[in-house]
Number of protein chains: 2
Amino acid sequence: MKKTILIFAALIVAILSLFQLSKYSVLTGNTAIETVIAVIAIVFFIVGVIINKKVLHQQKDLNREIDHKKIADLGLSKREYQVLCEIASGLSNKEIADKLFVSESTIKTHVSNVLVKLDAKRRTQAIQIAKTLQIIPQ
Amino acid sequence: MKKTILIFAALIVAILSLFQLSKYSVLTGNTAIETVIAVIAIVFFIVGVIINKKVLHQQKDLNREIDHKKIADLGLSKREYQVLCEIASGLSNKEIADKLFVSESTIKTHVSNVLVKLDAKRRTQAIQIAKTLQIIPQ
DNA sequence: TTAGCACTCATACTAAAGTATGAATTGTAT
DNA sequence: ATACAATTCATACTTTAGTATGAGTGCTAA
C-alpha cells in the first residue's frame with residue numbers, strides 16, 4: 001500500500017515536470033510541438049498499459065493465490081500438503097515415495113490422512129476439492 | 001480480425017485528427033497548450049488501458065477455452081471424452097457408470113482407451129495432461 | 001521432562017483401478 | 001450392402017489405491 005502511494009506520487013511529479021519541460025521547450029522554440037505531443041502521448045499510453053496490467057494482475061493473483069489459511073484450518077501438515085500436490089500432478093504413491101525419499105507405506109499413510117481431512121473418498125476427488133478450496137494451483 | 005483492423009484504422013484517424021486539431025487550436029490561439037496536452041494525455045491513457053484490457057482478455061479466454069480440435073486430434077470419442085470429464089470431477093468408475101447408465105466394465109473400457117490416447121498411466125495423470133492440453137475446464 | 005504432534009515404516013488386508021481379450025449391437029459412410 | 005467405428009458388456013487377471021493397526025523416532029511447548 002505504501003509502495004502504491006509512493007509510485008503514484010512519483011508519477012504525478014514526473015508528469016508535472018514533463019508539462020513544465022514541454023511548455024518551456026515550446027516557448028523557447030527548441031522543440032516542435034508535434035514532438036512534445038508525441039512524447040506526452042507515448043508516456044501516457046505506456047502509463048495506461050502499466051496501471052491496467054497491475055490492476056488486472058492483482059485480480060488474477062487473487063483468483064489464483066493459494067489459501068494458506070485454509071490449509072492450516074484443514075489441519076493439513078507440511079508433508080501431507082506436499083503429498084497432496086504430488087497427487088494433483090498425477091504421480092502414483094510409489095513415484096511420490098521415490099521423489100520424497102520415503103517408503104510407499106509412508107505415502108499411503110499421508111494420503112489416507114489427506115483424504116480424511118479433505119473429506120474425499122478418492123485421490124481424484126481430493127484433487128477436485130483442493131482446487132475448489134484453492135489450496136493447490138489451478 | 002477484420003474488427004481489430006477497423007478499430008485500429010479508426011484509432012489512427014482519430015489520433016491524426018486530434019493532432020491537426022491541436023496544432024490548429026494552438027496556432028490560432030484559441031486554446032491553451034496545457035489543455036491540448038491534457039486532452040492528448042487523457043486520450044492516450046484511456047487508449048492504453050483499453051488496448052491492454054483487450055489483449056489480456058483474449059489471453060484469458062484462450063486459457064479457459066476448451067480446445068475441441070485437440071480432442072479430435074487425439075482421437076477421443078464422444079463417450080471417452082465424457083468419461084474423462086467425470087474422472088476429472090473426481091468420480092469413481094462405478095459412480096460414472098451409474099451417472100451414464102452403463103456398466104462399470106464399459107467405463108473401464110473407456111478409461112483404458114482414454115489413458116492410451118492421452119499417454120497416461122493413471123487417471124490422475126490423465127487429468128493433469130488433459131488440463132495441460134486444455135481439453136477440460138481448469 | 002514428559003505429553004503431544006509430525007513423520008516414519010511395516011504388515012495385512014479390502015477395494016478400486018487398470019489390462020487383455022473377445023464379442024454383440026448399432027449407426028453410418030462408401 | 002457391407003465395411004467400419006463407436007458403444008456396450010463380460011470374464012479373468014494384475015496392479016495400484018486405500019484402510020486399519022501398531023510402533024519407533026525426534027522435536028517442541030507446557
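Below, each value reflects all heavy atoms present in this structure, side chains not excepted, and no hydrogens, waters or symmetry copies. Every chain is numbered from 1 and lettered A, B, ... according to where its sequence line falls, protein lines coming before strand lines. Only a predicted model underlies this, so the values are computations on that prediction, with no experimental measurement involved.
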Rounded to whole Å, how long is the line connecting atom [atom1] of [X] with atom [atom2] of [N]?
X: A:K94; N: D:dG18; atom1: NZ; atom2: C1'; value: 17 Å
X: A:E80; N: C:dC5; atom1: CD; atom2: P; value: 13 Å
X: B:N113; N: D:dA5; atom1: CG; atom2: P; value: 14 Å
X: B:E104; N: D:dT7; atom1: CD; atom2: P; value: 19 Å
X: B:N93; N: D:dA17; atom1: CG; atom2: C1'; value: 12 Å
X: B:K121; N: D:dT16; atom1: NZ; atom2: C1'; value: 13 Å

Of the options [options], whose atoms approach the side-chain atoms of [X] most closely?
X: B:V111; options: C:dG18, C:dT11, D:dT7; value: C:dG18
X: A:K108; options: C:dG18, C:dC7, D:dT19; value: D:dT19
X: B:K78; options: C:dT8, D:dT8, D:dT7; value: D:dT7

With a 4.0 Å cutoff (strictly under), does any side-chain N or O of [X] reach OP1 or OP2 of [N]?
X: A:H110; N: C:dT8; value: yes
X: A:R122; N: D:dA17; value: no
X: A:S112; N: D:dG18; value: no
X: A:S103; N: C:dC9; value: yes

Sugar-phosphate, base or nothing in reach of A:S105, heavy atoms under 4.0 Å: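 Base contact.
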Sugar-phosphate only, base, or nothing, as touched by A:T106 at under 4.0 Å among non-hydrogen atoms: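 Since a base atom lies under 4.0 Å of A:T106, the category is base.
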Residue pair A:S103 / A:T106, side-chain donor-acceptor N/O under 3.5 Å: yes
A:R122/B:E95 salt bridge by N-O under 4.0 Å criterion: yes
Side chain B:S77 and base D:dA6 donor-acceptor under 3.5 Å: no
First encountered from the 5' end of DNA chain D, between B:K117 and B:T124: B:K117
